[in-house]
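Bear in mind that the values here come from a model prediction, so they are computed numbers and not experimental data. In this chain, residues are counted from 1 in sequence order.
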Amino acid sequence: MARRPRTARAALNGAVAAGGAPRRAGRGGAGRGAALGGGGGSAVMPARRGRPRRAAARALARASRAEAAWREFAASFTRTGMVPPAEPGLVAVEAAEGTAVLLLAPRQALTFTGKCRLRCLYGAVRLLGFAVASHHPGLPVFSPATHCALSLEALPGARPPAATLRQLRAAARAAMRSHRVRRQARVKLMARFSPDCAVVLLEHLDTPVTRFLLSHPPLSRLFEPQKKEESSFTPEDAVLASVGIVKCSSDRGLLVSESMCLALEELIQACCAEDEGVPLVLVCGPKNTGKSTFNRYLINLLLNRLPVVEYMECDIGQTEFTPPGCVSLSSITEPVLGPPFTHQQMPRKMVYYGQTSCEQDTERYLDVVKYVFSCYKKEVPLVINTMGWVKGEGLLLLIDIIRLLAPSHIVQMDVCDWKAMPPLTPEHVHFSAGLHTKGKQQSKCKQLGVGSTESWKYSEGEDMSAPQHKLLYVHPEFPRAGVAGEARVHSGILRDMSILGYLGHLQSPDIGAVLPLHSLVPYQVPFNAVALRVIHTDVAPSNIMYAVNASWVGLCCIPEEVRCQTDGPVLLTQTPVCDCLGFGIVRGVDMEKKLYHILTPVPPENLRLVNCLLLGNIAIPNCVLVGQQGIEGEIPYVTSDYNYSIMGSGKLRKKKQHLKRREFPFECDYT
């Protein structure tokens with residue numbers, strides 16, 4: 001028992017070298033035995049020839065215990081951060097409850113799913129194209145399993161050139177102290193500190209929108225990974241999980257092709273040049289080719305150099321900043337670090353088209369596009385998103401949009417075999433006929449049935465038939481690119497998530513229980529104060545209140561004053577092209593008091609301008625109606641006792657019945 005302290009002391013003296021690091025094998029010819037014995041030989045002395053075997057066994061046992069003690073002692077240095085691990089890996093330390101500090105080496109990336117609030121304390125990191133530096137405030141980051149996973153990458157060269165290593169270390173320590181990072185965490189991170197690294201603070205994020213979405217059972221695992229990663233679980237993974245994110249494979253992140261890099265470089269150069277005018281970038285391509293992801297990446301890159309970027313949404317089926325069925329023009333000043341349901345906002349100009357496809361009324365669609373585009377002042381770059389309908393009449397309609405908007409750059413995304421659409425070169429657009437416009441070869445021919453399109457045709461003397469745009473090809477290289485049926489999540493589910501994200505603004509900003517929508521107090525709107533119009537179909541006046549009840553409506557403003565001699569309702573005979581100020585749910589219709597009960601997050605100062613309700617083909621998500629909390633007995637607006645023999649009461653038959661429907665993990669439907 002008297003020799004153990006000497007053995008431990010010898011291990012301590014041999015293990016602690018200059019700077020508190022253990023001596024490694026191969027340095028000065030000394031291996032692990034040298035560290036254990038404090039010299040250059042082995043710690044286990046060979047027994048003499050005449051010594052009994054029992055004494056040799058005891059010596060071997062003592063040496064084995066000493067080696068185990070050394071291993072535990074050396075591991076304690078690694079755990080406290082005084083010794084870097086043998087292989088460079090991710091460094092994540094818990095800073096406080098619900099917060100963590102992450103250190104990334106230059107060019108090191110973390111691909112993750114989940115949600116958190118990100119703040120860069122030292123250096124700079126890049127997230128979906130946006131460079132986050134220490135002067136930026138905390139940014140909310142959303143990486144759900146339904147979309148491409150986000151990747152956080154450290155940017156080199158972010159340090160001041162004249163600063164010394166000591167000054168940089170002091171700056172990093174001061175930044176961590178100011179955000180109340182624990183001393184133990186600071187010690188561990190500073191042991192791996194380098195001048196070109198990045199130190200990031202991650203905080204647990206809980207917003208009213210995410211709380212509302214996660215309260216619905218089909219979306220309760222929205223920010224959780226769907227497949228378990230093969231890599232082993234590490235203490236760093238536990239730290240990240242405490243914040244709300246999970247590390248995943250880099251293959252699930254954004255796969256940037258070479259053609260995408262070249263297109264982005266040229267667009268950034270054109271948008272930042274001051275002598276070539278303001279660029280108008282139109283992005284087009286088939287479904288599931290990454291148009292929305294490309295737009296977010298481009299917007300974030302532009303926001304690195306410009307204070308604001310304009311964005312025009314022409315895809316009424318998959319909108320970015322509004323609920324579905326809208327054509328809008330938005331001014332973007334903050335980076336886009338999440339899918340559409342996380343950044344629903346009020347655009348500068350918005351028109352509610354009322355459907356997710358414009359096949360039934362392409363003329364009104366072009367009227368709406370021109371009306372919204374008229375608000376653009378051509379002072380900052382404009383990014384234009386288009387529909388994925390690029391076959392048949394959809395391609396002809398796209399040519400009409402190109403002639404109408406006259407973009408300076410067209411980004412065409414398609415697979416390499418060009419099966420979906422031909423290259424939209426200036427010559428092709430110039431000579432090809434659109435759906436409502438004529439090409440050069442048809443300029444002298446008479447076109448029949450275009451009387452209703454005169455309202456949006458070009459003014460006299462303006463030659464819009466000869467576009468001079470720059471065409472940029474982007475060939476996506478992610479798996480199943482261009483195959484619409486192989487999308488990660490069905491488009492209908494994404495639309496429901498956008499509506500739920502919009503309704504999430506009804507929740508209180510204070511952290512607490514989610515309030516069901518039926519417990520919120522609606523606005524009372526008299527029948528004769530607003531005009532009413534059903535967009536997508538003809539409804540008899542005697543049945544229109546049945547259609548409006550429990551429906552999603554656009555809150556719009558028409559220039560004409562609504563006048564009614566009676567108590568209403570006021571019915572419009574034609575669908576107007578007018579400003580939309582927001583959306584709401586008609587919770588009920590009081591026929592005795594002649595009142596609509598409308599639930600909406602639109603502020604009262606904007607509601608005073610609303611004088612028109614537009615009912616389109618956009619439905620309230622089923623999970624809102626079926627999953628109402630605290631309801632005893634029959635659920636309002638939902639019934640199973642119904643006579644399906646009545647004409648029009650059964651389920652709608654969908655086209656393409658021969659195609660097999662896929663199963664999705666985020667089905668917003670309980671049926």
P324 vs I499 side-chain heavy atoms within contact, under 4.5 Å | yes
Rounded to the nearest 0.5 Å, how far apart are OG1 of T600 and NE2 of H505?
-> 11.0 Å
d(N295 CG, N300 CG) to nearest 0.5 Å is 11.0 Å
Could you pull out the closest heavy-atom pair between H536 and L615, with the gap in Å?
-> ND1-O, 3.9 Å
Count the heavy atoms of every other residue, nucleotide or ligand shown that sit under 6.0 Å from CD of Q574, and state whether that count exceeds 12.
-> no
Is there a side-chain contact (heavy atoms from CB on, under 4.5 Å) between V141 and I245 once you walk through the steps?
-> CA-CA 10 Å; V141 177; I245 63 176; over 6 Å; no
With rounding to the nearest 0.5 Å, note down the distance linking CD1 in I598 to CG in L555.
-> 6.0 Å
Which pair of heavy atoms, one from C326 and one from P323, lies closest together, and at what distance?
-> SG-O, 3.6 Å
Min side-chain heavy-atom separation L128-V336 under 4.5 Å | no
Is the side chain of T289 donor-acceptor paired with the backbone N or O of P286 at a distance under 3.5 Å, no angle test?
-> yes
Using atom types as modelled and distance alone, determine if a side-chain donor or acceptor of D400 lies under 3.5 Å from a backbone N or O of T437.
-> yes
Side chains of T356 and S491 in contact at under 4.5 Å (non-hydrogen atoms) | no
Using modelled atom types only, decide if a donor and an acceptor are shared between the side chain of R533 and the backbone of T573 within a distance under 3.5 Å.
-> yes
Closest heavy-atom pair and its distance - V602, F583 | CG2-N, 4.0 Å
Only one of V521, L517, L515 passes side chain to side chain contact (heavy atoms under 4.5 Å, CB included) with S519, and that residue is L515
Measure the acute angle between the ring planes of Y502 and W552, then classify it against the limits of 30° and 60° as parallel, tilted or perpendicular.
-> perpendicular
Determine yes or no for a side-chain-to-main-chain donor-acceptor pair under 3.5 angstrom, with H216 supplying the side chain and F212 the backbone.
-> yes
Looking only at side chains, do S331 and E310 share a donor and an acceptor under 3.5 Å apart?
-> yes
Evaluate the ring planes of F373 and Y376, with Trp represented by its six-membered ring, and classify them as parallel (under 30°), tilted (30 to 60°) or perpendicular (over 60°).
-> tilted
Between CE on residue M350 and CG on residue L329, distance to nearest 0.5 Å = 11.5 Å
Taking C-beta and beyond as the side chain, do I558 and N611 meet within less than 4.5 Å on heavy atoms?
-> yes
Does a side-chain heavy-atom distance below 4.5 Å link V548 with L613?
-> no
Quick one: closest heavy-atom pair of Q318 and E313, and the distance?
-> O-OE1, 3.8 Å
Might you confirm whether atom CD of Q345 has over 12 heavy atoms from other residues, nucleotides or ligands at distances under 6.0 Å?
-> yes
4.5 Å side-chain heavy-atom contact, I384 and I401 = no
Here the gap from D579 atom CG to S328 atom OG, rounded to the nearest 0.5 Å, amounts to 12.0 Å
Is a side-chain N or O of T113 found less than 3.5 angstrom from the main chain of S143, in a donor-acceptor match?
-> no
Applying side-chain contact (heavy atoms from CB on, under 4.5 Å), run through F527 and M591 and close with a yes or a no.
-> CA-CA 9 Å; F527 282 179; M591 297 301 296; 4.1 Å; yes
Grab the two heavy atoms, one from P339 and one from R296, that are nearest each other, plus how far apart they are.
-> CA-NH2, 4.2 Å
Donor-acceptor pair, K291 side chain versus G285 backbone, under 3.5 Å?
-> yes
Would you please classify the geometry between the H136 ring and the F130 ring as parallel, tilted or perpendicular, with 30° and 60° separating the classes?
-> perpendicular
Between the main-chain N or O of P569 and the side-chain N or O of K594, is there a donor-acceptor pair closer than 3.5 Å?
-> no
Find out whether H597 and Q524 are in side-chain contact, i.e. whether some heavy atom of one side chain is under 4.5 Å from a heavy atom of the other.
-> yes
Is there a donor-acceptor contact under 3.5 Å from the side chain of R364 to the main chain of Y353?
-> yes
Nearest heavy atoms of L614 and C578, plus distance in Å = CD1-SG, 4.4 Å
Roughly how far, to the nearest 0.5 Å, is CD of E393 from CG of L396?
-> 7.0 Å
Residue pair C358, I316: steps toward the side-chain contact (heavy atoms from CB on, under 4.5 Å) verdict = CA-CA 8 Å; C358 65; I316 56 179; 4.0 Å; yes
Go through the steps for V383 and L298 under the test side-chain contact (heavy atoms from CB on, under 4.5 Å), then give the verdict.
-> CA-CA 9 Å; V383 179; L298 175 60; 4.0 Å; yes
Okay, side chain of D315, backbone of N385: is any donor-acceptor separation there less than 3.5 Å?
-> no
Below 4.5 Å, heavy atoms only, C-beta onward: do P140 and T207 meet side chain to side chain?
-> no
